[in-house]
Amino acid sequence: MNFNDTPDEAQFRLKARAFLEANAPRRERGTQPSRTVDRDAEVIKSAKAWQAKKLAAGFAAITWPKAVGGQGGTPIQQIVYAQEEAQFVTPPGVFDIGLGMCIPTLIKHGSKEHMMRHVKPALTGDEIWCQLFSEPAAGSDVAGIRTRAKRDGDNWIVNGQKVWTTGAHFSDFGLLLVRTDPDVAKHKGLTMFFLDMKSKGVEARPIKQVSGGAEFNEVFFTDVVIPDSQRLGTIGDGWTVALTTLMNERLAVGIATGILGVEDFLALARSSHLDEEPAIRNGAIRDRLAQFFVESEGLKYTRYRMWTALSRGETPGPQSSINKVVSGKLMQDLASLSMELMGEAGMVSGEGPGNGAFQRQWLGAAGFRIAGGTDEILRNIIAERVLGMPPDVRVDKDVTFAQLESARAKR
Amino acid sequence: MNFNDTPDEAQFRLKARAFLEANAPRRERGTQPSRTVDRDAEVIKSAKAWQAKKLAAGFAAITWPKAVGGQGGTPIQQIVYAQEEAQFVTPPGVFDIGLGMCIPTLIKHGSKEHMMRHVKPALTGDEIWCQLFSEPAAGSDVAGIRTRAKRDGDNWIVNGQKVWTTGAHFSDFGLLLVRTDPDVAKHKGLTMFFLDMKSKGVEARPIKQVSGGAEFNEVFFTDVVIPDSQRLGTIGDGWTVALTTLMNERLAVGIATGILGVEDFLALARSSHLDEEPAIRNGAIRDRLAQFFVESEGLKYTRYRMWTALSRGETPGPQSSINKVVSGKLMQDLASLSMELMGEAGMVSGEGPGNGAFQRQWLGAAGFRIAGGTDEILRNIIAERVLGMPPDVRVDKDVTFAQLESARAKR
Amino acid sequence: MEFDFSDDQKLLKDQVQRFLHDKSPLTVVRRVMEGSETYAADVWRGLADLGALGVAVPEAFGGMGLGALELCVVAEEVGRSCAPVPFQSSVCLATDAVVQFGSDAQKAKWLPLLVAGKAIGTLAVAEGARRKPASQLATTFANDKLTGLKTPVLDGEAATLAIVLAGGPAGPTMVLVDLTANGVSRKRVETIDPARKQAEIVFEGAAADVLGERGAGARQLDTLHQRAAVVAAFEQIGGAEAALYMARDFALERYAFGRQIGSYQAIKHKLADAYIKIELARSNAYYGAMMLASGGADLPLAAAASRVAGIEAYEYASKENIQTHGGIGFTYAADPHLHYRRSRLLALTLGGSTVWKNRLVTALEKRNAA
Amino acid sequence: MEFDFSDDQKLLKDQVQRFLHDKSPLTVVRRVMEGSETYAADVWRGLADLGALGVAVPEAFGGMGLGALELCVVAEEVGRSCAPVPFQSSVCLATDAVVQFGSDAQKAKWLPLLVAGKAIGTLAVAEGARRKPASQLATTFANDKLTGLKTPVLDGEAATLAIVLAGGPAGPTMVLVDLTANGVSRKRVETIDPARKQAEIVFEGAAADVLGERGAGARQLDTLHQRAAVVAAFEQIGGAEAALYMARDFALERYAFGRQIGSYQAIKHKLADAYIKIELARSNAYYGAMMLASGGADLPLAAAASRVAGIEAYEYASKENIQTHGGIGFTYAADPHLHYRRSRLLALTLGGSTVWKNRLVTALEKRNAA
């Protein structure tokens, strides 16, 4: 057991580091990449330039086959690069969804023409993609979407609303899941398209979150015209196509950044007082800190176990599914107790220890436990896919979507 | 707000205390009634004698109407008497199930002849009753029972097995729920009988529990003959009758006794060491102790709120439904932490602080969280009956019991 | 056994509940959160008209001359409505401080104003980041003048009267300061619950009066906090119930996979747990209220238990209300975050759970030693 | 990145797993629980034949000459099977004590016997009810003689060799005692896990040898506990997985209201939580094993984290296994209580969770100061 690189990994790491040293400033020790940034025009421009540079140097689409413009590298190379890049100040990733989810879907389900036209500009950073699946009434239950597309000759006319769309307002293209037939079972009447986000009738509005951030959008569709040539997969087969996208979402290797953790809590506990003694001397605080440590280190080493599997060319086990459900609650509990250590100043959100970072984390954690799969859905996934337990009883399997909707309306 | 008796209650309390003073020794301060005792012949005899004495003095069946042999008293009088009796050493209650559940069911659903024959001997303590509902494959789902009764002229022939029957081996009569028709929906094919526990073909075997106790029995029925005249309610209406019994179970006002609680934990924490300081000085232990206190006091004052409602002649609110789900976990956690305070001696079950009482509680609590409704069932009940949330999806409603059984067998 | 509020007290509760339901819906909370008001003056005036600001103040000073039990039922309704008014600062802390420790002159001057809602009081203790022992206060009181900086002060902008804990030659002393007089300046401090504005207050030789006993400030603060802890528990219980029923209602309306999400055990059991915590808090708080009203010896223990259970119930109910709402729950436009924020505010103003759990055990040790 | 066991180590794991699965099913646990055996001698012999008792003992002394990683994989399988054998006492504590602190003569005398399963070792520290500081030991060692009483001693009846922590003029000292010699008497002590017998041992001038350094007993004990904590975490993880999958299998078989109880979220999420705790424990224990094997500076921190997570995972999985089984779960005839008991035994033998959480933070403070 060791944390060492294999010779190949070490060589790749050196190459990556050399590229980064030459092209980006090193991050100061102790600082963290910011999690929520305004994606203004300047930022988008610099992100595009950085993507082009990475591609040229061989560090974009590392795991993609060379045939589609990737580097033909391994997942562990992707991770090594990400570890190195995290030590430098680089523009925020605005391509993660496009390159991580949309384009792989296009490659699998699109035509040769689609690939010829769209893969290259996405790789070079010229075109940004977003993913339009969730709806106000279809969150955990993605297949419950209501946005309708009706056939009109060679075109489809789309009306409805999407929500939780990251980057809709600066994206060039979007992957769009719509209902084309309400008179069949819920999962059967869906079809997948992609569209130009500048199309007439598309309107993106930012959603203000509790945490103050607004990375997500609501997107409204009013008589938007999409040519049938932009359909991915057959009519009514949208759910199968969507599963490809969602599967790629799960493969994305997330390293949570910008999170206040055990070290921050320890520092705070050392400099705070409880009942006239340093908080770190209080057994209750020590107990909680130990619990935070065990969870946080447990997640870290769970990630290392996954990387080891990748490094050996194996498929990682299901253990990484625990990450979000543990870290959401950990973020929330740690931030909450930190605020308590600050006493009344714990309420102050803009200054004080950490300049309000604990307070922002406490607000943000409430959303982190929901976004991208609620704690409840994730526990279901662990129980069903890892432990092999039965699915919940489904009452929406043998009825049409229209019947479901009218049953709901009647209650 | 106060804890005082009303004048009527105070008078009743004095009467009860005078009766008890004259007839039973006072319990020593700090001792608790034992929870699990062997019901040997001696004990049963003394319990019967005590019941007769209570009845004669007007302290048995306090809340029953005078017409059926009760005292026509109020629920709060019942509670006042129980509070007083708890301060004296009296034989264990072997009549709780009979008088609390079986006889009320008989009174509601039986004939005049049934009442004439059975109520009096039950009240005087001459005859003990038990309740035969649960089965190995029907725990939380009581209506899923398989014990069959087949009609044979004026009799019914019963075959099957019951389980978790308290006091089966010393009971004279039993209230028995059986399936008389498997070809209708689960709840429709049940019928209620009572039977002489000395009938041929009835065999009771004690169940050894994890805690070492054996208050419960398995009861086996082999071609047991029950006259149709001992049927309660109509054929197929057993579930309705059973609900009467179970409803009475819920009305039973339980005061958990013999449980080690916050005071015991505090005493232990004061006399134990953790990391070379008294455990009570450790902040983590203080934190847990405070949590135990809040839960334990919360339950106590919840009980007082219920008593207040009864004292006012009102129906208590639903808050008492929280009692078991809180106290089970509390018992378990408190015992577990107590064992930790004892160090390696915490494993010793027969001696040491409390003479193994914490260890017995730790073992027993695992069962307390299950018996009489699991934590999970109780949370469902709170959600549905108190908060008005929807029931779980039921897949057993529109099929016959026989179909259910064959579907289960096929999996 | 009479362990419940009386019919009269319940009548008062209903009256306050109806008023707040009509006049202080969550839209008013948002109005204060986002606007320039320092508090909802219309709601405050209405509460004053109902007598709710002076239920526990003697009639001689314009109050209703009732007691702690009446204050508790009012608090529960203020909590339920999440009302953006200086209830805790002015009624539970400042007014109570004057009632408990004020001289006749101080009472005569301030109580009628406070009860009528014409003066707003607050308690100013904190001095910036991190907790400090009372012996290390930088704000000082000498020669009837107060100098120093207090922050954050809840309702510090709206308040016209501050009860300030200051250092001085005799030790920590509680003083009374007219915030409209010279030598006082304030600026807003941003906090996690913008519906309840807070301020930094700078005293530069502001005129001040000793409240209570010189040098007894720390002990007086403990007394005030203990009393306010019980009342705050009711405010927390009201808020927790509002959050629980908001979650329940949403769970009945929202469908996923063809079913109400309220039919899933993950949601049902979560809300059952919230109900359990609320009932435990309520039962503890009832005993706290009884001790507060009767001046019972168990007050230190009962107040700590009320506070610990109250914090836990509101925190759990409000955060799981967001969770039950799913994606909608963490939008600013939806209401769940209003209670999430308020639950944290109420958990921090009188000291957090760890401190009170420790106090609880200290009180328990004392009782069991006796 | 090579953060996993090697193929050879996994092979050893499979071998031990197969052996225990075949030869030590839960019926053997019951046999020892209820019978007169002090441990399952047949299982123990089989483990010795596999070399499992000496994986971390140098070949010179009859061991396999492998290391801590191999010991960890063996421990996981012992835990999974709930085997009624003196694995922790003899292999993880007594044998390791001789390896770590023994003289050449002590090693030559005892290790070959221990590895072959011909001697059984144990560590005797506790002296009856309640925890005591090492400085207050009543058992004393002087003039090569040991006098005093130790209880409870895990496997104290089966053991032929005890490593005893005793007081003495030089301070707490670890000594080695042949339990078959004169001056030793023992009697059984009833405990919550009767599948692992414990004893009270009385030493009346029994011959004893210093193990390691005179007066360094407390430090040596810390070292042993730290090392054993990592190995025990694997034993706990194995046991926790066995309990989890026992619960899962039951939940698939058992029907209520026409459905497998495993289709209810209350059960699904409970078992998902057990899985989560087990994975967190496993990941922490892997780092513990790496530090143990490499003698890394992070061992104190990693060992404490392994222990805290290991205790939590096994405790939760075993108690919720009973709960998942419902009524059947608390009968003596059903198997869930076997793991419930064992989880508590393993949580108490090396010191409980509170103590180790405190040590964890001490180690963290030290690392962050450096």
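Here is the naming used below: chain letters follow the sequence lines, and residue numbers restart at 1 for every chain.
- Put simply, the side chain of Val393(A) reaches to within 4.5 Å of the side chain of Val395(B), judged on heavy atoms.
- Smallest separation of non-hydrogen atoms from Asn282(B) and Gly283(A): OD1-CA, 4.2 Å.
- Taken to the nearest 0.5 Å, the CG atom of Asp392(B) stands 10.0 Å off from the CG atom of Asp392(A).
- Taking the ring-ring contact (aromatic ring centres under 6.0 Å, His included) definition, one finds that Tyr301(B) meets it with Tyr304(B), Phe3(C), Tyr287(C), sequence neighbours left out.
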